Amino acid sequence: MSKTRIMVVDDELIIRESLAGWLERDGHHVETAASGEKALENIAAAHYDIMLVDIKMDGLSGLDVLKAVNERDLDTAVVMITAYGSISTAIEAMKRGAVEYLLKPFDPEEIGVLIEKIIAQQAQAKENLYLREQVKERTRFESMIGQSPAMQEVFDLIQDVAPMDSTILITGETGTGKGLAAKAIHTHSKRCQGPFVAVNCGAIPEHLMESELFGHQKGAFTDARETKKGRLEMANGGTLLLDEIGEIGMRMQIDLLRVLEDRVFYRVGGTQPLEADFRVIAATNRDLKKAIAAGAFREDLFYRLNVIAFAMPPLRDRKEDIPLLCDHFLHRFAQETNKPIRKVSREAMDEMMLFDWPGNIRELENAIERAVVVGKGAQVMLNDLPIVCVPDINRPFDHSLKAMEKSHILQVLTENAWNISICAKILGIDRSTLYSKIKRYELQSPS
C-alpha cells in the first residue's frame, strides 16, 4: 500500500523537524516547507494527502495556503497549527474547510491518532465515492433509470435478449418507457451501428400508413411527386420499432404479417419486390389478447410478434425509483431554465411518493418541469406540483378517494392493533408507504 503523503508548513525549523520526525517514524512520506509561498510551489508540482499548516507565518498566512489548497485540490486534508492565543483563527479556518487544528506544544501520540483518523476518513470517502458510482451504474441503463427490483429485472432481460435477433414485444401502460427500452435493446445489439427507425402506429392515419411503412413510387397517387422510401427500407441493417402496434387496422395487419414472414414488400405503386433486413420490436399499451378476442387484432400477427415479450412496470409499482427520477429531471430542467433549484422538499417528495402517477414517468417528468418553471426558491415545494392536492379529509360527507383511503387505512390499523407489518400486507403496500400515509393523514395510535 502506498505511503500517505504529508507536507508540514511552518516557518519555525524546530516545528518542521519535530513533526516530520514523528510522522516519518509512523511510516508516512513527509515533505516540509518553510513558508506559504514554498507550500504553494509544492502543491503545484505534486498531490499531498494531508497538510499541517501553521496559521501565522511571514508572507502568506496559513489561511492563504488553505484557500489555495481548497481551490486546487479538495481531496487534501488541511490541519491548522496554532498557538493557544489564535484558537479563534483556527476555528475560522475550520469553517473555511480545514479538518482540524493542532495546539502548540504538540503531543506526538495525539498527532498520530489524528493522522490515522484523517487517513481512515479519506479511505471511507473514496469507498463511498466508488459505491456511489457503482449504484449509479446499477440504476442507469442507457436512458432508463431505476433501482427497483422490477427495473433491475428489465435491465437484465434487455442485456440477455439484445444480442439475439429475435422479434420482441414490449407491453406496458403509456409513459412507462417502452420506447427507451426498445432503443436500449438496439444499442446493445449486433445491429447497433445500423439505424433505429421508430413508427408510431397510433399517430399515423390509416390511409397514410401503407405509404409510411412501404414507401411509394412517383405518381402512385395525386401527391406522390417523387419516389419515397418507407420506414421498412430506412430500417435496413438496423431495428424497426412498431410503437403502439395495437392501433393499426386489420388490412395493414395482413400486409405487415406478410412482410414479417418473408421480409419482402412493394412500394405503393411499385412492381419491383424489395427486401430489407431489420429486427422488429413492437410495443403497445393495449391488451392484445383481449383485442384478439374482440376481433380487433389478428392472432397470427400476435404470435409472430410475441417471440420474446416483457412488460414495463408502471411507476406505482416501482415507487422507490421516484427520488432517482426526480433528481434526474430536476437537474435537467434546472440546467435548461438556468434556475437555481437543486432539490425537492420533503413535503413535495412525500406527496409524489403517495401519488399513483396514472401517466407514469412521462407524467412525473411533466410535473417536475412545471415545478421548475413556476418554482421561486432553491427547492421544489408542494404547491409547485400539478398533482392532486390533499383534500380536507375532515370535511363532513367527504366522499373523495383520499378521504375514503384515510378511513380504510384507519379501519385496517384499528382492526389489527396498529401492527404495521400486518396492515401493510393487508393493504398491499410496503411499510414505508404505510408510514407515509399515516403521517400524511395525521393518524394517531390509541396507545
Side-chain angles (χ1 to χ4, degrees), residues 132-133 135-152 154-155 158 170 172-184 187 198 200 203 243-244 283 285 311-391 400-402 405 429-430 432-433 435-437 439-441:
R132 284 197 299 272
E133 290 300 316
V135 168
K136 182 177 179 180
E137 187 174 318
R138 289 197 300 269
T139 58
R140 294 174 185 266
F141 188 84
E142 294 301 320
S143 298
M144 295 182 291
I145 298 172
Q147 64 182 0
S148 62
M151 285 306 294
Q152 292 297 310
V154 169
F155 296 166
I158 288 175
I170 306 173
E173 298 174 8
T174 297
T176 51
K178 299 184 293 294
L180 293 179
K183 186 64 184 295
T187 301
N200 189 333
D243 200 9
E244 302 305 342
N285 62 3
M312 294 296 293
L315 190 53
R316 62 180 173 275
D317 290 346
R318 43 175 291 215
K319 287 195 171 181
E320 57 264 61
D321 292 335
I322 290 177
L324 282 174
L325 291 163
C326 284
D327 285 345
H328 171 73
F329 293 134
L330 185 62
H331 179 72
R332 192 178 98 201
F333 292 125
Q335 280 192 324
E336 289 179 2
T337 58
N338 198 29
K339 298 189 74 171
I341 300 179
R342 295 292 176 264
K343 61 181 290 188
V344 177
S345 70
R346 180 62 183 271
E347 294 76 15
M349 183 59 72
D350 285 346
E351 182 70 12
M352 287 193 286
M353 293 296 287
L354 290 168
F355 193 60
D356 274 343
W357 301 104
N360 294 294
I361 300 171
R362 191 172 299 147
E363 184 180 10
L364 175 63
E365 179 181 7
N366 292 341
I368 296 298
E369 181 177 13
R370 191 258 187 195
V372 170
V373 170
V374 305
K376 304 299 183 184
Q379 57 182 340
V380 171
M381 306 304 292
L382 181 59
N383 292 337
D384 298 330
L385 296 171
I387 57 180
V388 180
C389 295
V390 181
S400 69
L401 287 175
K402 294 290 177 73
E405 182 180 62
I429 56 179
D430 57 40
S432 61
T433 302
Y435 278 122
S436 295
K437 289 180 182 288
K439 176 184 175 183
R440 177 187 183 185
Y441 293 133

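All values derive from a computational prediction rather than experimental measurement.
- Distance check, rounded to the nearest 0.5 Å: OG1 of Thr176 to CG of Leu315 gives 10.0 Å.
- For the side-chain hydrogen bond (donor to acceptor under 3.5 Å, both in side chains) condition, the pairs that include at least one residue of residues 361-371, sequence neighbours left out, are Arg332-Glu365.
- With sequence neighbours left out, Thr174 forms a side-chain hydrogen bond (donor to acceptor under 3.5 Å, both in side chains) with Asn285.
- Annotation: side-chain hydrogen bond (donor to acceptor under 3.5 Å, both in side chains) contacts of Asn360 (sequence neighbours excluded): Glu173.
- The shortest non-hydrogen separation linking Ile341 to Ala334 is O-CB, 3.6 Å.
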*Check the pair Ile145, Asp327 against side-chain contact (heavy atoms from CB on, under 4.5 Å), reporting the backbone distance first and the verdict last.*
CA-CA 11 Å; Ile145 298 172; Asp327 285 345; over 6 Å; no

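- Contacts of Asp243 classified as side-chain hydrogen bond (donor to acceptor under 3.5 Å, both in side chains), with partners at least two apart in sequence or in another chain: none.
- With sequence neighbours left out, the salt bridge (charged side-chain N to carboxylate O under 4.0 Å, His left out) criterion links Asp356 to Lys319.
- Residues passing the side-chain contact (heavy atoms from CB on, under 4.5 Å) test with Ser148, sequence neighbours excluded: Ala150, Met151, Arg318, Glu320, Asp321.
- Scanning for side-chain contact (heavy atoms from CB on, under 4.5 Å) contacts around Asn200 gives Ala203, Glu244, with sequence neighbours left out.
- Closest non-hydrogen pair, Leu324 versus Gly146, comes out as CD1-C, 4.4 Å.
- Between the side chain of Trp357 and the backbone N or O of Met352 there is at least one donor-acceptor pair closer than 3.5 Å.
- Under the side-chain hydrogen bond (donor to acceptor under 3.5 Å, both in side chains) criterion, Arg342 pairs with no residue at all, not counting sequence neighbours.
- Note that the CD atom of Glu351 and the CG atom of Leu385 stand 7.5 Å from one another [nearest 0.5 Å].
- Of all heavy-atom pairs between Val154 and Ala311, the closest is CG2-O, 4.2 Å.
- Here Arg440 contributes atom CZ and Glu405 contributes atom CD; the two are 6.5 Å apart, rounded to the nearest 0.5 Å.
- Among residues two or more places apart in sequence or in another chain, the side-chain contact (heavy atoms from CB on, under 4.5 Å) test is passed with Ala181 by Met144, Ile158, Ile170, Phe310, Met312.
- With a 4.5 Å cut-off on side-chain heavy atoms, Lys437 and Leu354 count as touching.
- Residues meeting the side-chain contact (heavy atoms from CB on, under 4.5 Å) test with Gln379, sequence neighbours left out: Lys343, Ser345, Met381.
- Side chain of Lys339 to main chain of Gly375: a donor-acceptor pair is present (N/O by atom type, distance under 3.5 Å, no hydrogens or angles).
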_Intermediate values then yes/no, side-chain contact (heavy atoms from CB on, under 4.5 Å), Phe329 and Ile361_ = CA-CA 10 Å; Phe329 293 134; Ile361 300 171; 3.8 Å; yes

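- Minimum heavy-atom separation, Leu330 to Val380: CD1-CG2, 3.8 Å.
- We find the CG-CD distance between Asn383 and Glu347 to be 10.5 Å, quoted to the nearest 0.5 Å.
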